[in-house]
A.B. asks: 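Before I ask anything, let me first share the structure, which is written out below as structure tokens.
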Amino acid sequence: MGNRADTNRQWLLASRPSGEPTMENFEMVETDVPTPGAHEVLVRTLYMSVDPYMRGRMRDAESYAEPWDVGDPMRAGVVGEVVESNHPDFEADDVVTGDLRWADYAVCEGRDLRTVDPDRGPISAALGVLGMPGVTAYFGTTDVAEPTPGDTVVVSAAAGAVGSVVGQIAALSGARVVGIAGADEKVEWLESVGFDAAINYDDGDVSTALEETCPEGVDVYFDNVGGPITDAVWPLLNVRSRVAVCGQIALYNATELPTGPRKLGKLVETRGTVEGFLVRDYEGRWGEALDRLSTWVADGDVQYRENVVEGLENAPEAFLGLFEGTKIGKQLVRVGERSA
Ligand code: NDP
């Protein structure tokens, strides 16, 4: 049986945020370490992921996913070590990933876990480039945005977990790629990993910068943010352009959706398409995405960064940072060390 502590720290949703979440919305409690039942596995968290979609779960509103109830444990993508297994596919010390909890330990059905292959890269990558964000980038680019050689592709939140991979895949397909991000350091990194140009939206007028960097307009826009940045891209859309709507993080903390000049007339002019998508629609095709992504990573064609915050106690702060743009690449929290 693997390494096990006496108590389990876990974060609960203490209250629903109004606007920007604050520390008041989170509460840490200590309980006994849970015991796995039939077909279940006890997992000790090594890394947990914080993701923008969690803001939606904190809200009591209809969405594509059920909201968390106040008082419920917060859930997260986790890479962890098996402590005890009542499932034939897993044994103690296996490294696994699944949708578990903001906690030191969690129990779940064995069928909801996947083994992490350490030969594919660092185990933490299973929450980033070789996990949900990478798979989102892969299908969002290859199946929805579909860049072709010579296209100009613009990506927002380009230095994030999804955006950074989108831009590099689009570059591999022969497109010219322009990223938008919120810091000079992010711009430098993007230009070093194959983006043809990048814009710091915090440094001057983004519309002017886009006009300068996209003199032939925009054929594909991969939208992670919505709001004013998307407004700035819109006038540059070319005839037959495609907009892949992946996320709208600029609006996740809005208490009311802003209205303003309507931009849809542009689609009449361009005969363009706007398509939203969800990574969970590709559940049956993860293997295909992970095979391609791990080959690209191994060959150095797709590079990635992780920003690791130390300690479960700092998980809310790491989550809040997603709305401040404080990190480059995938935001993770290191909760425990491997026992072996
Ligand atoms: P990121 O790693 O990109 O982190 C979020 C980033 O968004 C921040 O670092 C910040 O970077 C930027 N940002 C935050 N607030 C704003 C704002 N108000 N205006 C502009 N930029 C902002 O997150 P992910 O890569 O995990 O997710 C990116 C998007 O993809 C999110 O919208 C998410 O909800 C969506 N998503 C959708 C999925 C799907 O199935 N459709 C699956 C996974 C993610 P910066 O410095 O650039 O401001």
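Atoms within a ligand are numbered from 1 in the order they appear, just like the ligands themselves.
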A.B. asks: Mind telling me whether Trp296 and Tyr138 have parallel, tilted or perpendicular rings, with 30° and 60° as the class edges?
C.D. replies: tilted

A.B. asks: Sort out the contact shell of ligand 1: every protein residue with a heavy-atom distance below 4.0 Å, listed by chain and number.
C.D. replies: Pro52, Met132, Thr136, Ala157, Gly160, Ala161, Val162, Ala181, Gly182, Lys186, Tyr201, Asn224, Val225, Ile229, Cys246, Gly247, Gln248, Ile249, Ala250, Tyr252, Phe277, Leu278, Val279, Leu322, Phe323, Gly325, Lys327, Gly329

A.B. asks: Show, in sequence, the C-alpha distance, side-chain angles and deciding distance for Asp223 and Gln248, and conclude whether the side chain to side chain donor-acceptor pair (under 3.5 Å) test is met.
C.D. replies: CA-CA 7 Å; Asp223 188 13; Gln248 300 277 283; 2.8 Å; yes

A.B. asks: Go through the steps for Asp196 and Arg176 under the test salt bridge (charged side-chain N to carboxylate O under 4.0 Å, His left out), then give the verdict.
C.D. replies: CA-CA 6 Å; Asp196 295 279; Arg176 180 171 177 275; 5.3 Å; no

A.B. asks: Could you label the plane-to-plane angle of the Phe319 and Phe323 rings as parallel, tilted or perpendicular, counting under 30° as parallel and over 60° as perpendicular?
C.D. replies: perpendicular

A.B. asks: Any chance you could lay out the side chain to side chain donor-acceptor pair (under 3.5 Å) test for Thr136 and Tyr282, step after step, and finish with the verdict?
C.D. replies: CA-CA 9 Å; Thr136 303; Tyr282 294 93; over 6 Å; no

A.B. asks: Please tell me if the side chains of Leu42 and Arg4 come closer than 4.5 Å, counting only heavy atoms from C-beta onward.
C.D. replies: yes

